[in-house]
Each structure stands twice: as C-alpha cells, then as structure tokens.
Amino acid sequence: MSETTIQAQCCIAGGGPAGLMLGYLLARAGVDVVVLEKHADFLRDFRGDTIHPSTIDLLGELGLKAEFLRLPHDRIETLDIVISGNRVRPIDFRRLRGGTRFLALMPQWDFLNFMADRASQYPNFRLILQAEVTGLRRDHGRICGVTAVTPNGPIDVAAPLTVAADGRASAVRSAAGMVAREFGVAVDVLWFHLPKVGRPQPATLAYLDRRSMVITIPRAGYYQAGMLIPKGGFDAIRAEGLEAFRTRIVDAAAFLAPAVPQLASWEEVKLLSVRVNRLRRWYAPGVLCIGDAAHAMSPAFGVGVNYAIQDAVASANLLADALKAGAVTPKLLAAVQARRLPPVRLMQLIQLQLHKRIGRAGSGVNLPHPLPLRWRAFLRIILPIIRRAAARVVGRGFRPEHVRT
C-alpha cells in the first residue's frame, strides 16, 4: 500500500488538552498544523475532568468562554476535605482576585470535542483520528516529522516542528530517545463509578481516614470515584475480597454506603499507576515535548490538564511567528522549557510532599472526632490563610499563561 505524505508547518502528536489547545492556537495564528490522535474519538473514562479558573480565563481571552460554559458542567466554588468525619474547607475559589472564581467539572471528552470543533473552523487545522505515530522522520540528524499508521494505510507527516503531546507513554518522546527522570510515588489510584444516591453532598475533594483516601468527582447521575492505595497494592486488596473493598470505601466516606452495593465486580475497578516524572530537556532539534510527555503530574489537586494547557499557550506564544517564518530554532524551544519548567517543578514538589504525607493511602492523616475546642480555634485561624493560598495555587497555578494577541 502506498504511503501518503502530508506537509505541515507543525505536526502535533496527541489530541489531548495540550495537543488540541496548541493546535487551535497555532491555526488561529495562521500556522498550518496537523494533529494526530491514535483513537477514533475522545470518549475515554478516568481522565482529568477539572477545568480550572485559569483555563476558563484563557477561553475568555479567546472569546469562547460563554460557549464553553453552555456545555453541561458542575460549577465548583469551594472544595471540602472530610478527615475522620470532620468537614474542613481548605479551598475557596471565591477568594481569587479578578477573573473566573470557580472550577468547572466536565467530562474531558466534552472539552476535547469542543476544542476540536472550534479548531476545525480554521482551514489550516487538520485533525486526523485513528492515526498512531510509529516513528520519526529525520533529515541530517534533525527531526522533520513523523510516520503513522491509519485505517487507510500509512502516512508521512513532514513538518519543521513535531510536538509530543501524546501523554506519559509518549511514542514521539520514546522515538526521539528522551527519557524522563522518575520521582518515586508511593501510591496508586483505583477508579470506579458509584451512583448518586441519598442526600446530595457539598463539593468534596476527598474523604480521609487513617486507612484510606476516597476521591469523589461528581458527574451527571454518578460519581467518578477513586481510592488511593499503596503502590503495587492492588493484588493484596483484591485478595481481601470485594466486600472488604466496599467496607474500606464506606469507612472513609460513609455517605457512599447506599451506593457501594452497586459495585458488583472487580471488572468495574481500574488501576491508575500514579507517576511523577519530568524530562531534563524537553526539546531536541525539530521536536518539543509538552504536557504529560514532558512532565507527568500526579492526580493531586487535578492540575494536570491545567498545566498541559498552560504549556500549549506558552508554546504558541513563543513559536507561532517562527513557525510561519520556518525558523524554529533550539533556542526558541529552550525558551518554552525555561518559561514552563519553574511552575511545573514547584507543583510537582508540592505533589511529592503530599504523597509522602499520605504515602500509605491515608495513614497518618487523622483528626479527633468531634473536634476539641483547641482544634476548632486553630482551624479558625489557619483556614482563611490556607484558602487564599490554595485557591491561587490550585486555581491559577504559579505562572498562569495568557494568549498573546
């Protein structure tokens, strides 16, 4: 079967938040861009559902905020944590200064479909589904595009710049010989669905006790729920039996008791191996890694999507003119890393410290219940300070990006 060659000024591998946002921004700036997505659609579960205030602000800068917020979503202004039955509110986005002051919970496939649809309005944007990258094209040591397979046969995409936005198992990164530095994380996450039954609960980030930490992300009619477990501990939990697993869920989040009988088999429980890693160098001649391909974030605070999108905005701001002129240099690619590395490094440091604290899925995280007077007095003093700082760090990040006009 003959191979089809496609010419572009930029080839993006991966149709996730980073890839589609970058594709949209480059096409908007007049760059001829091709995005390759190996799946047939975006409908995959257990992906980040949190659209942070800084991302919603970016959509506002693009004139897309009103349209976006017409999609079904849950608007979250505060997030609680329940520790041993005590409800604590450490995050309050209403304390942000200016801009969006809430977080939107939305299935990621809705966000991706939205961005793909808006990008397709530009004639210089092409999204090719079911196109799996198999290798890189090279010219005198410089990467100049990719090879991929599709249901219609192999394709060759020739481009001065290839962007790896294809996730933590990036095929482009691997083919380029880039190896990420791994930071040890002592937990994994088990994801599962539970129906919404009983009295509605306030927006809650997590339920913790000495033994477990349970995450509940609301969706239409159900929770996308997760439980932190010790790294590599899934087999031991399965050996205890499904009933013991249900009990563990209820011990941490008692309100889920009417729902856990609906968890009928281990087939409904999916393992997410938590990793935190980072490339020492995000680029090589002709290739740039962004998002999870450059730095895998843990699920802590749900910031992975936000940071991937910030990478995309910084990349578009710094590279669009050079791409149109055909003059993308390693110095420009290094500038993307120089801008995005400091906020990524800071957030990963916070995530790693958090995981050390809850390295045994809840162990060591405990409060007496009910709270003694001295605890209540302490929390009244410290929580307002935490809320303001947490809203900024979680909602906007350490270096929120803005679209260059």
Side-chain angles (χ1 to χ4, degrees), residues 14 16-19 46-50 52 54-55 81 91 108 164-174 176 178-191 205-206 208 212-215 217 224 226-234 270-283 288-312 314 336-365 389-390 393-400:
F46 308 119
R47 303 177 70 166
D49 289 346
T50 50
H52 286 66
S54 60
T55 299
I81 296 176
I91 301 177
Q108 191 176 119
D166 48 346
R168 61 185 61 195
S170 170
V172 171
R173 183 182 71 189
S174 178
M178 297 177 170
V179 179
R181 176 191 175 189
E182 295 287 341
F183 301 93
V185 180
V187 297
D188 287 331
V189 178
L190 299 180
W191 286 114
L205 184 64
L208 297 87
S212 299
M213 175 175 173
V214 173
I215 303 162
I217 300 172
Q224 178 177 303
M227 176 183 286
L228 266 68
I229 64 169
K231 174 70 73 175
F234 190 24
K270 309 299 180 184
L271 173 66
L272 169 65
S273 180
V274 176
R275 298 171 65 186
V276 177
N277 63 31
R278 188 170 67 239
L279 286 173
R280 296 182 186 276
R281 177 175 288 186
W282 299 10
Y283 62 94
L288 172 69
C289 298
I290 63 173
D292 277 2
H295 50 79
M297 315 293 280
S298 97
F301 310 115
V303 298
V305 171
N306 193 42
Y307 274 67
I309 289 171
Q310 303 266 345
D311 288 357
V336 176
Q337 178 176 345
R339 179 161 185 86
R340 294 304 307 154
L341 178 58
V344 166
R345 183 189 284 134
L346 275 171
M347 179 51 72
Q348 286 186 328
L349 178 61
I350 291 172
Q351 290 180 328
L352 290 169
Q353 291 301 314
L354 174 67
H355 286 311
K356 284 182 181 178
R357 178 64 175 163
I358 57 173
R360 293 180 57 213
S363 177
V365 180
V393 170
V394 175
R396 299 249 164 87
F398 291 104
R399 178 176 278 170

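Values in this document were obtained by computation on a predicted structure and should not be read as measured data. As a basis for the values below, the full set of heavy atoms in this structure was taken, side chains included, without hydrogen atoms, waters or symmetry mates. Each residue takes its place number in the sequence, starting with 1.
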Between Tyr307 and Met347, the two heavy atoms sitting closest are OH-CB, 3.6 Å

Taking all non-hydrogen atoms of both residues into account, name the closest pair between Gly395 and His52 and its distance.
O-CB, 3.6 Å

Side-chain heavy atoms of Lys231 within contact of Val187, under 4.5 Å:
no

When every non-hydrogen atom of Ala390 is compared with those of Ile91, the smallest separation belongs to CB-CG1, 3.8 Å

Rounded to the nearest 0.5 Å, how far does CD1 of Ile215 lie from CE of Met227?
10.0 Å

Interatomic distance, Gln348 atom CD to Asn277 atom CG [nearest 0.5 angstrom]
7.5 Å

Are any of the side-chain heavy atoms of Val185 and Gln351 separated by less than 4.5 Å?
no

Under a 4.5 Å cut-off applied to non-hydrogen side-chain atoms, are Met178 and Arg281 in contact?
no

In Å and rounded to the nearest 0.5 Å, what is the CD1 to OG1 distance from Ile217 to Thr50?
7.0 Å

Can you give me the closest heavy-atom contact between Ala171 and Asp166, atom names plus distance?
N-OD2, 2.9 Å

Report the residue from Leu271, Ile229, Val274 that forms a side-chain contact (heavy atoms from CB on, under 4.5 Å) with Val189.
Val274

Would you say the side-chain atoms of Ser54 pair up with the backbone N or O of Pro400, donor to acceptor, closer than 3.5 Å?
no

Side chain proximity check, Val305 to Thr55, heavy atoms < 4.5 angstrom:
no

Under 3.5 Å, which donor-acceptor pairs link side chains of residues 290-300 to any protein atom two or more places apart or in another chain?
| from | atom 1 | to | atom 2 | distance (Å) |
| --- | --- | --- | --- | --- |
| His295 | NE2 | Asp311 | OD2 | 2.5 |
| Ser298 | OG | Ala300 | N | 3.0 |
| Ser298 | OG | His355 | NE2 | 2.8 |

Closest non-hydrogen contact found for Asp188 with Gly232 is OD2-N, 3.1 Å

Using modelled atom types and a 3.5 Å cut-off, is there a donor and acceptor pairing between side-chain atoms of Gln337 and backbone atoms of Cys289?
no

side-chain contact (heavy atoms from CB on, under 4.5 Å) assessment of Val344 paired with Gln310
CA-CA 10 Å; Val344 166; Gln310 303 266 345; over 6 Å; no

Pairing residues for Phe183 by the ring pair (Phe, Tyr, Trp, His ring centres under 6.0 Å) criterion, not counting sequence neighbours:
none

Side chain proximity check, Ile350 to Phe301, heavy atoms < 4.5 angstrom:
yes

Using a 3.5 Å distance criterion without hydrogens, assess whether the side chain of Arg340 forms a donor-acceptor pair with backbone atoms of Arg399.
yes

